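None of the values given here were measured: they were computed from a predicted structure.
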Amino acid sequence: MTGLEFLASFIRTGRLHHGIGIGSTLGEVDRALRHGCVDVVGTGGRSLRRDYGFVELYFNPGEEWVMSGGSIELHRLANAPETAAPWAASTGVEFARYTAWADVREALSQLPPVPEFTRTDQGGFLEYRAETSCVSVMVVDDGEEERGYHAGHGDVWSVALWASVRAV
């Protein structure tokens, strides 16, 4: 699967690989994502951030850790495209060094229904929020930014999954 196909599905559904998303347990995530990561536990054990390189997942404690959000930091691939290799090896999803928002929109049009977006100017970025899936896409909106060791104008900076309420 291409990164574009994956992003289109993720933006439409709010679900990552093997259906993981808000409310998934750490065990479910471990079974779905079988490659190395770094765990960072917050002060007092009140949060967990699991870093897979350019993908980060966030968890809240309870009887077991439960996923409360995540982000795909596509801008990291511009400077370190090799960080996508472990993700591709374990998920079968291959990301390009750069991802244009126009290409993501085109891929979304192939998977109806296309979510409705609320667009907000974030000073150098445009945020596109899909309320139905709780996914937010940050796009570089600086006409002088060119592709190089960072994403350029019109490229996706990151894609975030957020919970409308804190998962318990």
Under a 4.5 Å cut-off applied to non-hydrogen side-chain atoms, are [X] and [Y] in contact?
X: Asp30; Y: Arg50; answer: yes
X: Val40; Y: Asp51; answer: no
X: Trp65; Y: Val29; answer: no
X: Val156; Y: Val104; answer: yes
X: Val139; Y: Phe125; answer: no

Shortest non-hydrogen separation from [X] to [Y] and the atoms involved:
X: Pro61; Y: Ser47; result: CD-N, 4.4 Å
X: Gly21; Y: Leu161; result: CA-CD2, 4.2 Å
X: Leu126; Y: Asp121; result: CD2-CA, 3.9 Å
X: Ala130; Y: Pro115; result: CB-CB, 3.9 Å
X: Trp157; Y: Ala151; result: CE3-CB, 4.3 Å
X: Val135; Y: Gly14; result: CG2-CA, 3.8 Å

### Query
Has Glu116 got more than 12 heavy atoms of other residues, nucleotides or ligands less than 6.0 Å from its CD?
no
### Task
Mind running side chain to side chain contact (heavy atoms under 4.5 Å, CB included) on Leu16 and Leu33 for me, showing each step along the way?
CA-CA 10 Å; Leu16 289 162; Leu33 302 177; 5.7 Å; no
Cluster overlap [X] with [Y], hydrophobic side-chain contacts below 4.5 Å:
X: Val159; Y: Leu77; answer: yes
X: Leu26; Y: Ile20; answer: yes
X: Leu7; Y: Tyr52; answer: yes
X: Leu4; Y: Met1; answer: yes
X: Tyr98; Y: Val93; answer: no

Any chance you could measure [X], atom [atom1], to [Y], atom [atom2], to the nearest 0.5 Å?
X: Leu57; Y: Ser68; atom1: CG; atom2: OG; answer: 9.5 Å
X: Ser24; Y: His18; atom1: OG; atom2: NE2; answer: 12.0 Å
X: Thr83; Y: Arg76; atom1: OG1; atom2: CZ; answer: 8.0 Å
X: Arg49; Y: Cys37; atom1: CZ; atom2: SG; answer: 11.0 Å
X: Trp162; Y: Arg129; atom1: CH2; atom2: CZ; answer: 4.0 Å

### Query
side-chain contact (heavy atoms from CB on, under 4.5 Å) with Ser158: which residues, sequence neighbours excluded?
Glu73, Met138
### Query
For Gly148, does its backbone N or O pair with a side-chain atom of Arg97 as donor and acceptor, under 3.5 Å?
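Looks like yes, one N/O pair under 3.5 Å.
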### Message
Under the criterion side chain to side chain contact (heavy atoms under 4.5 Å, CB included), I'd like the reasoning laid out for Phe59 against Val66: C-alpha separation, chi angles, the key distance, then a yes or no.
### Response
CA-CA 5 Å; Phe59 297 85; Val66 176; 5.7 Å; no
### Task
Applying side chain to side chain contact (heavy atoms under 4.5 Å, CB included), run through Phe10 and Ile72 and close with a yes or a no.
CA-CA 10 Å; Phe10 176 53; Ile72 303 171; 3.9 Å; yes
#### Entry: Pairs meeting criterion side chain to side chain donor-acceptor pair (under 3.5 Å) with involvement of residues 136-146, two or more places apart
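The answer is Glu127-Ser136, Glu145-His150.
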### Task
I would like to know whether Tyr128 and Arg105 meet side chain to side chain contact (heavy atoms under 4.5 Å, CB included); could you show each step before the answer?
CA-CA 11 Å; Tyr128 294 86; Arg105 295 291 298 255; 4.2 Å; yes
### Task
Describe, in one word, how the ring planes of Phe54 and Phe95 are oriented to each other, choosing from parallel (under 30°), tilted (30 to 60°) and perpendicular (over 60°).
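Ring orientation, 0 to 90° scale: perpendicular.
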### Task
Output every pair passing salt bridge (charged side-chain N to carboxylate O under 4.0 Å, His left out) with a member in residues 1-28, not counting sequence neighbours, ordered by first then second residue.
none
